[in-house]
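Right, one structure below, let's go through it.
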Amino acid sequence: MNDQPPEAGRGIEFGIDIGGTFTDVVCRRADGSIRLAKVPTSRADPSRAVLAALGTARAEWDVATAAITRFAHGTTVATNAVLERKGARIGLITTEGFRDVLEIGRQMRHQMYDLVLHTETPVFLAPGHLRREVRERVDAAGRVLVPLDEASVRAAVRALLDQEVQAIAVCLLFSFLAPAHEQRIAAIIEEMRRGLPVSLSSEVDPAFREYERTCATAFDAYVKPLVADYLANLEAGLARAGVGAPLQVMQSRGGLMSSAVARRRPVRLFLSGPAGGVVGGLDVGLAAGYRDLITIDVGGTSCDIALVSDGRPLIRAEGLIDGFTVRVPMVDVTAIGSGGGSLAWIDAAGSLRVGPESAGSEPGPACYGRGGTRATVTDASVVLGYIDPASFAGGTMRLDPALAEGAVRREVADRLGMDLARAALGIHRVLNAQMAEAIRLVSIGRGIDPRGYALLPLGGAGPLHGCALAEELGISTIIVPPHPGVLAAAGLLGAAVEHEVAAAFPHPCAGLDPALIRPALDALDARCRDLMRDEGLREADVEVGHAADLCYIGQSYWLEVPLRLDAADPVGEAYAAFLAAHDRVYGHAPPLPAKFVNLRSVHRSRTGRAAIGAGHDPGAAAPPTTRPVQVRQNPGPVPAAIWQRGAIRAGDRIPGPAIIEQVDTTTLVEPGWTASLGKGGALIIARDGTP
Amino acid sequence: MTTDFSTEALDPVTVEVTRHRLEGIANEMQATLLRSSFSPIVKEGLDASAGLFTADGQTLAQSCSIPIHLATLIPALKRIIETFPPATMAPDDTYVLNDPYCGGTHLPDIAVVQPVFAPGADQGGRIIAFAAAMTHHQDMGGLSAGSVPTNATEIFQEGLRIPPLKFRDRGVVNATLEAMIRQNVRIPDTVMGDIHAQVSACSIGARRLAELAGKQGDNALTAIFAELLDRSERMTRLALSKIPDGTYRAVDWLDNDGVELEKPIRIEVAVTIRGDSIHLDFTGSSPQVRGPLNCVPSGSLAGACYAVRALTDPRIPTNGGCFRPISLHLPEGTIVNPREPAPVNARTSTIKRITGTIIRALAEVMPDRVPAPSAGQMVIVAFGGRTPEGRPFVTGDLIAGGSGAARGSDGVDVIETDASNCMNLPAEAAEMETPIRLNRVALRPDSGGDGEYRGGLGTIREYEALMDELSFTHRGERHYSAAQGLFGGGPGAMSRSVIHRADGRVEEIPSKIVTRLNKGDRVVIETAGGGGYGNPAERSAAARAADRADGKVSPSASG
């Protein structure tokens with residue numbers, strides 16, 4: 001990877017995704033060539049890993065930091081602050097009578113059969129003593145019923161400042177219709193403590209349902225100081241290293257924003273990492289000629305499932321962070337507790353079960369030789385011959401096949417009275433069954449038949465399971481990206497800069513005058529334009545899209561549809577689109593009265609180019625070797641061709657059984673499937689007998 | 001365990017993979033049901049479930065979003081199989097019923113059942129299973145919109161009764177039956193739409209299971225069904241055998257039946273653990289009541305199944321095998337086994353109390369697992385009338401109380417417990433859609449039972465009528481009997497609901513009421529707290545200080 005000529009010109013782009021364990025780096029030169037690296041994440045100060053990556057680039061790739069023109073970043077800083085409860089001490093200000101909304105929530109529980117219950121709401125954000133009420137009230141039409149009592153505001157703010165809060169969240173009833181009271185409170189706070197971070201619900205999440213809005217606003221305030229410090233550290237570090245390019249950060253919905261804007265809207269960073277993965281998957285799929293994709297990212301302890309429909313990632317209006325609902329738009333990723341580290345065990349009636357308990361990274365699978373004694377999916381993969389113990393992770397880590405065999409034999413084979421290979425295949429079959437059912441449920445729940453989609457397996461462990469999953473789901477094409485292990489970083493380079501601003505617009509469709517919509521959209525566009533200007537983007541490069549959230553009157557959940565004001569009948573068109581979307585998602589669409597709920601403006605600028613065709617040095621065209629593997633289609637071991645990914649040339653056809661090895665993953669081509677190189681450098685695995 | 005599994009004929013991997021497929025099919029049926037239903041009660045209340053059953057009616061896999069549905073399809077299956085001999089069934093036949101005295105639960109719940117034939121049915125394939133779905137319908141006719149009248153005194157007032165009938169014959173809908181249903185309900189399009197969603201769910205289930213039989217062979221597949229049931233039974237019995245043998249008793253109360261307001265309703269249960277079985281005897285419970293709180297046997301069975309599922313190893317796959325060790329004694333003519341034509345529509349309150357009482361009975365022998373009693377209430381309020389624009393409206397709210405404290409943890413404030421799991425109504429949603437304003441949504445201080453671990457708090461909600469002539473229904477519980485503490489813990493506060501009339505009069509609601517509200521009238525509802533756990537003297541000073549700082553206990557309160 002380091003035998004390229006020194007890069008002298010400018011135009012170098014960096015994508016860095018910081019995950020829990022590894023930091024992935026993708027560097028692209030002006031000529032489109034790509035370099036990749038994986039460095040351990042430094043938990044104490046993740047920005048150190050970024051600087052270490054820059055060091056690598058300088059030393060090994062001969063990249064002059066001054067030549068870097070783009071620096072895009074995916075980060076877990078906001079998510080970790082919540083998982084580790086390390087956010088700021090915040091105060092929450094509410095309308096009189098509604099102090100406890102944050103703690104009461106919607107009163108539903110997630111674990112139905114647990115007798116001993118645990119709180120379902122993020123009380124830790126602002127327990128009772130940090131929540132204050134102010135006297136004011138706005139009604140459902142946005143009219144002021146009780147004017148804001150500023151003395152009560154000053155008393156509340158004074159009390160919170162005395163309690164040494166580091167940020168304040170404000171959520172008043174119906175502020176999404178009339179934000180003046182919240183804005184006045186922000187002004188009073190600024191007056192009383194200059195520079196104290198404040199989050200207003202009318203800016204963070206201007207939509208109805210007070211609990212959800214309060215949560216989003218409180219989470220925003222909770223992570224705000226930490227995110228600001230983190231980004232400031234990182235920017236200072238980049239400046240010291242001589243990087244002049246602005247820092248861009250990935251948002252949960254799959255667009256980039258500048259760090260200056262990210263500081264103001266930190267609640268939009270919770271799915272920063274997974275969003276990069278989905279955008280990366282989308283780029284690879286599009287390059288290979290596929291617009292409908294199911295991505296499955298199989299990691300150590302869990303796997304993430306996401307859908308791309310007609311070239312767009314599915315976005316959802318709210319998601320879960322650490323089990324709590326956060327209503328901000330995010331890529332629609334579903335996680336289940338199955339992965340390479342999932343433990344196999346025998347239940348009291350003698351059934352083979354896999355997960356949800358996992359060996360994690362410590363001690364990890366038995367074959368890591370770090371003290372793990374229980375059998376994991378990865379141990380089964382070693383037993384079956386899929387993973388070469390000598391060349392795991394590009395040879396950086398040696399696995400012990402005897403330990404893998406011992407664990408699978410002791411924990412599974414002996415207890416079930418099976419031979420070793422059948423036990424290991426059994427572990428794979430059970431895991432694959434779980435993942436296949438999860439994919440099926442995710443797609444069916446969104447009105448999508450998985451059979452028309454291509455499967456895009458990611459993560460270190462994904463490509464081992466692609467064929468089995470595709471077969472179970474009736475999918476006939478699998479796309480293995482050039483670098484499934486660092487796809488989130490690659491996605492950063494392909495993502496657009498994007499800003500989205502929404503506002504409540506509660507009007508029934510019937511009799512709605514489009515002339516009312518225009519000024520509302522203009523206001524949203526103006527805010528987006530300001531944000532895009534802050535990004536340094538020219539208006540000519542910006543693509544503007546409008547959307548509306550609609551629901552049937554009486555329903556409280558809405559669907560987003562495109563809105564075109566230049567259409568002959570924009571309201572009628574939106575209503576028709578709503579019916580079509582309702583039919584797709586819910587299976588029927590009666591022609592009943594519906595209403596507008598929110599308007600949304602999205603401004604995006606595709607500054608990036610997809611980072612595809614990426615980075616496999618065409619190694620020597622060495623002929624493949626063979627080694628015996630066990631596959632479910634055969635009772636005994638079969639010889640499989642072992643290919644190095646870099647040695648595969650256009651036109652090569654690789655029928656299963658075959659193994660394709662590369663630094664960041666191992667791909668299993670099962671009998672009945674054939675792999676070949678696709679457009680954009682992806683590996684396409686097609687079911688034999690399909691065109 | 002020392003069992004040698006190598007002698008088993010069935011491959012344990014195939015058995016486990018098949019189990020995931022069956023659960024996947026049940027989930028797909030449920031997703032289809034939720035996706036294609038229209039009524040908000042299904043979409044947002046998730047009051048529906050679907051599943052697969054063996055040819056003799058045992059649960060294979062069921063996807064349910066609320067525990068009240070657990071096992072409730074079993075009596076329906078049994079009744080359908082008795083009424084229509086399987087030998088007479090054909091592919092794409094579909095059966096329906098809703099009558100609680102013929103295998104149903106209460107009239108809004110319609111069960112839909114379809115036989116699943118092995119591939120090659122035309123050449124005499126056999127029934128290998130049933131697919132079934134149950135949905136709570138928005139209306140079934142009768143005395144009041146929504147078909148849950150609190151003042152019903154016989155089932156005929158509660159709506160249309162459907163005995164076991166054939167709804168589709170080889171895929172062709174029975175037009176007579178459909179016309180009959182349409183004529184008897186207030187919103188025929190919605191009801192029929194939801195019934196067809198149930199039919200779609202069953203068809204998907206039947207198709208998927210037939211595909212699986214085609215792949216694995218129907219004999220092999222039904223052998224796996226039997227094995228799966230046996231395995232869950234074995235694991236459940238193993239878990240039950242770890243509970244000390246003995247008979248454990250508990251008593252709790254419902255406020256009244258909504259008709260005879262002075263008469264509390266007693267729920268008494270004796271739970272006998274003998275070896276690896278569990279027997280529940282409800283002798284001592286109140287005779288059946290005039291109002292609609294009577295509960296047909298499927299409700300007690302759901303409560304028992306919930307208890308067994310919650311008290312044994314949660315990793316045991318749920319199917320009919322788990323229910324085999326359960327037996328019930330439900331004395332006829334009592335609240336838990338009423339005689340026709342007693343009204344039953346409000347039986348959710350009863351199932352909740354039955355479930356809580358069963359769990360409570362086992363507290364002494366499972367002190368680590370069983371918390372103090374919860375408020376176990378779901379206050380139902382309903383408002384109806386006209387908006388300022390003249391549009392008719394009906395809206396409702398479901399309000400929880402606090403959960404009981406447990407060894408090592410305080411109860412949770414305002415949380416759904418036991419058999420139900422519903423969301424409350426956002427203040428902003430209420431006010432945007434209807435002339436109802438919420439003035440207050442708060443925790444209710446001092447309502448959690450004291451103890452080393454404090455019971456969860458109830459809530460205070462204040463509603464104000466913004467128009468005249470609104471109808472108002474309130475179905476409360478825990479107004480006259482508290483959630484008791486455990487092992488020295490104190491009881492939670494009882495519920496209290498009051499109407500403050502605009503003219504200054506104050507009316508206390510006797511747990512249940514149907515009345516009218518005028519502009520400016522306010523209703524203040526305070527729900528009950530959960531019981532405390534352990535001696536209050538053992539509660540840490542830090543916990544007491546935090547309670548006071550956070551306003552959960554008022555400074556004036558003792559302790």
Side-chain angles (χ1 to χ4, degrees), chain A residues 97-101 103-109 112-120 127-129 139-140 173-174 208-212 346-353 415-418 422 425-426 429-430 433-434 436-437 440-441 444-445 447 506 553-557 585-588 590, chain B residues 1 3-6 8 12-13 15-17 20-21 23-24 27-28 31 35-36 38 40 43-44 67 193 231-232 234-235 238 309-310 314-315 359 369-371 400 403 406 409 412-417 421-424 426-429 431-433 439-443 459 549-552:
Chain A
F98 293 85
R99 187 185 87 129
D100 294 332
V101 162
E103 186 154 0
I104 292 171
R106 302 302 300 278
Q107 83 190 18
M108 261 182 107
R109 65 195 195 277
M112 274 198 309
Y113 298 100
D114 285 358
L115 289 176
V116 177
L117 303 180
H118 302 283
T119 181
E120 297 279 339
H129 65 280
D139 76 4
L173 283 190
F174 295 110
F208 88 104
R209 288 197 271 138
E210 64 276 6
Y211 167 68
E212 287 78 358
I346 309 298
D347 72 19
S351 295
L352 172 60
R353 312 276 289 267
R415 295 192 191 191
L416 295 178
M418 294 180 159
R422 272 189 67 213
L425 280 173
R429 282 178 61 200
V430 171
Q434 285 167 206
E437 295 306 336
R440 215 184 316 251
L441 194 61
I444 289 162
I553 289 173
Q555 276 186 334
S556 62
Y557 291 88
V585 178
Y586 298 116
H588 65 103
Chain B
M1 285 190 71
T3 321
D4 177 10
F5 294 107
S6 61
E8 286 184 17
V13 174
V15 170
E16 176 68 2
V17 167
H20 284 291
R21 190 73 271 268
E23 289 184 356
N27 286 334
E28 183 176 356
R35 202 167 88 75
S36 0
F38 186 72
K43 284 231 175 304
E44 285 155 33
R231 285 174 184 239
S232 283
R234 216 181 303 157
M235 286 189 270
L238 187 69
R309 165 115 197 225
R315 300 180 303 181
I359 301 277
R369 299 284 305 278
V370 176
S403 81
S409 63
V412 176
D413 310 328
V414 202
I415 186 94
E416 270 279 52
T417 56
N421 200 17
C422 294
M423 283 204 246
N424 54 19
E428 290 173 344
E431 195 170 329
M432 285 170 86
E433 299 273 346
N439 291 325
R440 193 173 177 202
V441 172
L443 295 174
T459 183
D550 289 332
K552 298 198 176 187

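None of the values given here were measured: they were computed from a predicted structure. Lettering of chains follows the sequences in order, A, B, ..., and the numbering in each one begins at 1.
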Which heavy-atom pair separates [X] from [Y] by the least distance, and what is that distance?
| X | Y | value |
| --- | --- | --- |
| B:R231 | A:S351 | NH1-OG, 2.6 Å |
| B:P12 | A:G350 | CB-O, 3.7 Å |
| B:R234 | A:A349 | NH1-O, 3.2 Å |
| B:V441 | A:F98 | CG2-CE2, 3.5 Å |

Contact part of [X] toward chain B, heavy-atom cut-off under 4.5 Å: side chain, backbone, both or neither?
| X | result |
| --- | --- |
| A:R429 | both |
| A:E437 | side chain |
| A:I104 | both |
| A:P127 | both |

Answer yes or no: is there a donor N or O on one side and an acceptor on the other, between the side chain of [X] and the main chain of [Y], under 3.5 Å?
| X | Y | result |
| --- | --- | --- |
| B:N424 | A:M108 | no |
| A:E210 | B:E428 | yes |
| A:R109 | B:N421 | no |
| A:D100 | B:A442 | no |
| B:E16 | A:V430 | no |

With only heavy atoms counted, which part of [X] is less than 4.5 Å from chain A, the side chain, the backbone, both or neither?
| X | value |
| --- | --- |
| B:V412 | side chain |
| B:A310 | both |
| B:T417 | both |
| B:P314 | neither |
| B:E433 | side chain |

Residue selection (most heavy-atom pairs with chain B, distance under 4.5 Å) from A:G105, A:G426, A:A140: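 Heavy-atom pair counts peak at A:A140.
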Can you tell me which of A:L352, A:L115, A:D114 forms the most heavy-atom pairs within a distance under 4.5 Å of chain B?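 If we count pairs closer than 4.5 Å to chain B, A:L115 comes out on top.
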To the nearest 0.5 Å, what is the distance between [atom1] ([X]) and [atom2] ([Y])?
| X | Y | atom1 | atom2 | value |
| --- | --- | --- | --- | --- |
| B:R440 | A:R99 | CZ | CZ | 9.5 Å |
| B:M235 | A:D347 | CE | CG | 4.0 Å |
| A:Q107 | B:T459 | CD | OG1 | 8.0 Å |

Which residues pass the salt bridge (Lys or Arg N to Asp or Glu O under 4.0 Å) test with B:E416, sequence neighbours left out?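 By the salt bridge (Lys or Arg N to Asp or Glu O under 4.0 Å) rule, B:E416 matches B:K352.
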Quick one: of B:A31, B:A427, B:S409, who has the most non-hydrogen atom pairs under 4.5 Å with chain A?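 Answer, by heavy-atom pair count under 4.5 Å with chain A: B:A427.
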Go through B:I415, B:N27, B:D413 and name the one with the most non-hydrogen pairs under 4.5 angstrom from chain A.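 Max contact count across the listed options: B:I415.
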Run B:D550 and A:E103 through side-chain contact (heavy atoms from CB on, under 4.5 Å) and show every step you take. CA-CA 11 Å; B:D550 289 332; A:E103 186 154 0; over 6 Å; no
Residues in ring-ring contact (aromatic ring centres under 6.0 Å, His included) with A:Y211, at least two apart?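 Checked A:Y211 against ring-ring contact (aromatic ring centres under 6.0 Å, His included); zero matches.
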With the side chain counted from C-beta on, respond yes when A:M418 and B:V13 share a heavy-atom pair under 4.5 Å apart, and no when they do not.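 Yes - at least one pair of side-chain heavy atoms lies under 4.5 Å apart.
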